[in-house]
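Quick note on labels: first sequence line is chain A, next is B, and so on, each numbered from 1. Keep in mind that what you see is a predicted model, and the values were worked out from it rather than measured.
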Protein chains: 2
Amino acid sequence: MVTLAEVAQHAGVSASTVSYVLSGKRSISASTRERVEKSIQRLGYHPNAGARALASSRSNIIALMVPLRTDMYVPVMMEIAIAVATTARTHGYDVLLLTGEEGPAAVRRIAGSSLADAMILMDVELQDERLPLLREAGRAAVLIGLPADPSGLTCVDLDFEATGALCVEHLAGFGHREIAVIGEAAAVYERHTGFAERTVDGVRAKARETGVRVLHRPCEGGYAATAGTLARIFDERPGTTGFVVQNEAAVEPLLNLLRQQGRAVPEDVSVVAICPDQVAAQASVRLTSVAIPAQEMGRRAVEQVVAELAGRGTGEVELLAPELTVRASTGPAPARA
Amino acid sequence: MVTLAEVAQHAGVSASTVSYVLSGKRSISASTRERVEKSIQRLGYHPNAGARALASSRSNIIALMVPLRTDMYVPVMMEIAIAVATTARTHGYDVLLLTGEEGPAAVRRIAGSSLADAMILMDVELQDERLPLLREAGRAAVLIGLPADPSGLTCVDLDFEATGALCVEHLAGFGHREIAVIGEAAAVYERHTGFAERTVDGVRAKARETGVRVLHRPCEGGYAATAGTLARIFDERPGTTGFVVQNEAAVEPLLNLLRQQGRAVPEDVSVVAICPDQVAAQASVRLTSVAIPAQEMGRRAVEQVVAELAGRGTGEVELLAPELTVRASTGPAPARA
DNA sequence: CGGCCTGATCGAAGCGCTTCGACAAGTTCC
DNA sequence: GGAACTTGTCGAAGCGCTTCGATCAGGCCG
């Protein structure tokens with residue numbers, strides 16, 4: 001491995017000069033800079049990450065804690081993770097991948113060892129165990145998701161309340177009076193994952209406002225579970241004509257089941273999904289949907305974290321405005337029987 | 001931040017003694033060890049990762065390069081990535097997440113900076129640009145996937161040839177004589193991703209052996225694309241009664257389309273999928289399938305990499321044997337018309 | 001024209017850890 | 001009973017980098 005000292009010798013300057021060329025923290029004459037840069041090229045020099053971290057107490061690594069669970073829609077997680085990784089690179093950071101398995105201890109370990117300069121947490125629960133540790137660690141941190149008490153922590157998330165409201169507004173605008181929400185798996189609500197509850201809150205609020213009746217049912221996803229959920233919904237509310245689906249694993253089963261039951265979409269029943277655009281566009285009926293802006297969330301999270309590391313942190317909650325794309329799965333409610 | 005020296009002082013020993021307690025590289029008396037461990041607890045000491053990396057030239061980090069592309073089934077990637085991260089932790093390693101974006105340069109950067117001790121590459125192409133750099137870097141490395149020339153590199157992958165053969169064998173055993181393979185997107189083949197081609201090779205070989213006719217068609221996935229592919233297949237080979245599907249995005253569309261065409265599964269047509277068990281079990285018809293052992297692949301990759309770092313590397317190709325699970329989508333071929 | 005400021009460079013100190021050699025104090029063995 | 005080990009501990013040297021003065025050569029000002 002080539003070292004700074006070797007580069008310095010090759011360029012006929014001191015080690016510190018090379019360091020300043022690299023960091024730009026002091027002015028260097030054009031001729032010296034060129035000479036040094038040429039030597040760096042020639043020798044194929046790469047600064048040693050450990051030495052750099054030790055000397056500067058900056059690792060240029062951002063830790064990303066992803067949930068271990070697979071009861072939530074994985075592609076969204078992956079998309080966020082990839083967006084985080086690529087955005088981080090454009091700011092000169094690498095990303096360390098932590099799974100939830102280690103739990104809150106991971107926060108302590110990473111902060112304690114100075115392995116990462118900052119952390120991004122995904123799948124944040126309303127009362128998340130990791131948050132006290134995070135505050136205490138005094139490191140830059142951004143949450144993707146919104147806990148009950150976000151004080152002192154920067155958060156990035158889709159505005160799920162507005163999302164829920166938007167879905168209801170759309171359906172109500174089409175004259176639907178009875179709406180069912182097919183939600184995430186029950187475990188997601190039990191764990192008090194913020195986004196799921198907030199969506200329902202938004203749905204309820206807008207329903208009240210527009211005088212629409214709402215029935216919310218968790219659903220495990222998959223055919224069998226969705227069939228059961230759907231049967232119970234129609235049992236309880238036979239007049240249901242609008243669906244809001246917030247569970248990717250229930251989308252396709254739902255469409256199939258409705259078809260099998262002879263309910264046409266959107267003539268008899270309208271469906272709005274909360275899911276990535278790709279899923280909505282590729283479903284058997286092109287779905288009217290509110291997209292989950294996974295990329296945008298990952299990108300914003302990194303930008304916030306980088307801002308915090310640069311001392312320009314906001315410590316604020318940033319909610320992304322939902323956007324509803326009308327496709328082929330929603331239409332006017334059928335005339336009342 | 002608490003340092004080694006502070007722990008040493010607190011425990012009344014020298015710094016090196018604390019270091020040896022931590023690493024176990026020299027014998028330490030029980031009493032001293034206890035005292036040091038107690039001090040570590042009390043002070044909440046965590047070794048500084050950078051300092052450790054610098055002094056030992058070991059970062060205890062494994063870099064994982066995941067593809068940036070999303071034309072391949074993402075959940076499998078995610079499952080592998082998570083398995084890698086959790087397995088790595090059990091061996092004392094953290095995982096650095098690199099996306100394909102940086103391309104081959106990432107290999108050079110990571111190796112050059114000693115940021116990671118080893119690399120795991122996913123989505124390896126037959127002629128992968130990263131491989132020469134990897135060999136040259138002289139770092140421990142494991143590929144998940146199988147390039148054309150794996151010499152000198154440890155590889156872990158599902159035995160896709162055997163997988164293809166197994167699918168055909170299963171269908172042939174049920175008396176199917178005309179089989180269609182619905183494959184990955186054309187781009188996957190153009191890029192010469194090993195697994196896709198190897199599956200087809202396995203299919204062809206076993207078909208020859210059993211006297212079965214095979215038609216292979218790439219497919220983009222989604223409804224529209226799958227419909228087109230399916231139409232062309234029946235057009236060309238009206239007698240097709242068996243399908244092998246290696247594209248998760250085509251599975252559900254295919255089942256729906258067959259149903260719409262009045263072809264019952266498995267009475268008229270049998271379908272074998274190559275996909276994660278979860279997808280197979282949750283599909284609208286429970287699918288006979290060969291599972292993609294994502295977790296196992298991630299786990300084995302880490303174990304190989306750890307072995308290499310410990311100097312017990314094999315440098316060999318490890319192909320995991322496929323397992324076919326019979327579910328409800330395959331049965332005897334219908335009597336010839 | 002002497003003092004001062006600016007710009008470019010250097011030297012040295014250290015960041016917190018690992019590891020090697022040294023050494024004192026037992027143990028073992030013939 | 002001492003040579004030859006073994007065991008447990010320490011001190012010091014460095015790993016490769018950043019960064020803080022310090023230095024030195026010019027340029028500028030009154």
| query | Reckon A:Arg52 has a side-chain N or O less than 4.0 Å from the OP1 or OP2 of D:dT18? | reply | yes

| request: Describe the nucleic acid contact of A:Thr3 in one word from base, sugar-phosphate, nothing, applying a heavy-atom distance below 4.0 Å. | output: sugar-phosphate

| field | Under-4.0 Å side-chain N/O to phosphate OP1/OP2 contact, B:Ser19 with C:dT18 | value | yes

| said: Heavy atoms only, 4.0 Å cut-off, all strands: where does B:Ser56 land among base, sugar-phosphate and nothing? | reply: sugar-phosphate

| request: Tell me whether the OP1 or OP2 atom of C:dG7 has a side-chain N or O from A:Ser29 closer than 4.0 Å. | output: no

| Between A:Lys25 and D:dT19, does any side-chain N or O lie under 4.0 Å from OP1 or OP2? | yes

| said: Once hydrogens and angles are ignored, does a donor-acceptor distance under 3.5 Å link the base of C:dG11 to the side chain of A:Ser16? | reply: yes

| message | I'd like to know if B:Tyr20 reaches the base of C:dC20 with its side chain such that a donor and an acceptor end up less than 3.5 angstrom apart. | response | yes

| The side chain of B:Thr17 lies closest to which of these nucleotides: D:dC10, D:dG16, C:dG11? | D:dC10

| task | Quickly work out the A:Ile28 CD1 to C:dT9 P distance and round it to whole Å. | result | 5 Å

| field | Partner of B:Arg198 by side chain to side chain donor-acceptor pair (under 3.5 Å), out of B:Thr193, B:Asp159, B:Asp157 | value | B:Asp157

| field | Donor-acceptor pair (no angle test) under 3.5 Å: B:Arg26 side chain, D:dT9 base | value | yes

| task | Please state whether the phosphate of D:dC15, meaning OP1 or OP2, lies under 4.0 angstrom from any side-chain nitrogen or oxygen of B:Ser57. | result | no

| task | Give a yes/no answer on whether the side chain of A:Tyr45 brings an N or O atom under 4.0 Å of OP1 or OP2 in D:dC17. | result | yes

| said: side-chain hydrogen bond (donor to acceptor under 3.5 Å, both in side chains), that's the test. Do B:Thr314 and B:Gln304 meet it? Break it down for me. | reply: CA-CA 8 Å; B:Thr314 61; B:Gln304 291 277 17; 3.3 Å; yes

